[in-house]
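Owing to the predicted nature of the structure, the values given are computational and were not obtained by experimental measurement.
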Amino acid sequence: MGGAVSGSAAVGDAAGATTTYPVALNVYDLTPINNYLHWCGLGIFHSAVEVHGSEYSFGAHDYPSSGVFEVEPKNCPGFIYRCTVFIGRTSMSPMEFREFIQRMASEYHGDTYHLISKNCNHFTDDLSTRLTAKPIPGWVNRLARLGAFCNCLLPESMRLESTETKNLADCRFSGTCRCSVFLLLQLIVCHAAIWHVYMLYCCPFWCLYILMSSNDTHIHVLLVSLTSR
């Protein structure tokens, strides 16, 4: 999953009328378990949009002020860089973008962060769409969408009250989205039964062969538990 950025400099057309700039998505792992979850198209990821030489993302805090932050590309503190995905190009100049991101930041207060309905990946998807008219890859935020679909199975503190009130004021998380790893792991456990069925009846034989070839004791224990009925 993921790919390299295609082009890092501004590009103008033949007539010189329009200059465009690359927009890329930098994806980070929040946990080593992603090395196993990616087999079924899932993962616990942090993402950020890289444009004009900087990287922008969204995190949580307890105050009614913007949670949007800017860091050096591919070096977000506290996360493990995984890959960069080229999204598209934007015609916004650096000055235009600076004004734009300041306005957009006012829509993403840190105290409105919600693991399922308004996390860092929702922000990067929104930003990418506004800049390029293209969303981020679906696998980046698939676990949150799965959580929204299985809302009734989530811990009470993570549930969405309704489709009209997804941005909950009383479901706040301090720190960055890294603090949500353990809540996401609870979500994975809630879907252990689905995992069981998938591994037994849907997983291709070659996947099982690769897993059996692994030296990781945890993987061997998982396979034994799944195939023992």
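Nearest heavy atom pair, residue P64 against residue D111, reads CA-OD2, 3.4 Å. Of all heavy-atom pairs between P73 and Y28, the closest is C-OH, 4.4 Å. Residues K74 and E50 come closest through the heavy atom pair NZ-OE1, 3.2 Å. The shortest non-hydrogen separation linking R142 to G41 is NH1-O, 2.8 Å. Between F45 and V140, the shortest heavy-atom distance links the atoms CD1-O, 3.5 Å. Between C120 and Y113, the closest heavy-atom pair is N-CE1, 3.7 Å.
To the nearest 0.5 angstrom, L131 atom CG is 12.5 Å from T20 atom OG1. If you take OG1 on T132 and CZ on F86, they are separated by 8.5 Å, rounding to the nearest 0.5 Å. In this structure, the separation between CZ on F58 and NE2 on H46 is 11.5 Å, given to the nearest 0.5 Å. The line from CG of L42 to CD1 of I33 is 10.5 Å long, rounded to the nearest 0.5 Å. To the nearest 0.5 Å, atom CG of residue L37 and atom CH2 of residue W139 are 12.5 Å apart.
Under a 3.5 Å cut-off, the side chain of S128 and the backbone N or O of D125 do not form any donor-acceptor pair. Although no hydrogens or angles enter the test, the distance criterion places a donor-acceptor pair under 3.5 Å between the side chain of H61 and the main chain of S66.
Not counting sequence neighbours, the partners of Q102 by the side-chain contact (heavy atoms from CB on, under 4.5 Å) test are R98. Remark: E99 engages no residue in a salt bridge (charged side-chain N to carboxylate O under 4.0 Å, His left out) (not counting sequence neighbours). With sequence neighbours excluded, the residues that form a salt bridge (charged side-chain N to carboxylate O under 4.0 Å, His left out) with D29 are R82. Applying the side-chain hydrogen bond (donor to acceptor under 3.5 Å, both in side chains) rule to S93 yields the partners E96; only residues at least two apart in sequence or on another chain are considered. Every side-chain hydrogen bond (donor to acceptor under 3.5 Å, both in side chains) that S54 has, sequence neighbours left out, goes to E70. With sequence neighbours excluded, the residues satisfying side-chain hydrogen bond (donor to acceptor under 3.5 Å, both in side chains) with H122 are N119, N141.
P137 places a side-chain heavy atom less than 4.5 Å from the side chain of I87. Residues D126 and M104 meet the side-chain proximity criterion, which asks for heavy atoms closer than 4.5 Å.
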Would you please test F97 and T90 for side-chain contact (heavy atoms from CB on, under 4.5 Å) and show each step?
CA-CA 9 Å; F97 176 77; T90 180; over 6 Å; no

After noting the C-alpha distance and the side-chain angles of I101 and L127, does the key distance pass the side-chain contact (heavy atoms from CB on, under 4.5 Å) rule?
CA-CA 9 Å; I101 196 65; L127 179 54; 4.1 Å; yes

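L30 and I80 are members of different hydrophobic clusters when ILVMFWY side chains are connected at heavy-atom separations under 4.5 Å.
Taking the centre of each ring, Y108 and Y56 stay at or above the 6.0 Å mark.
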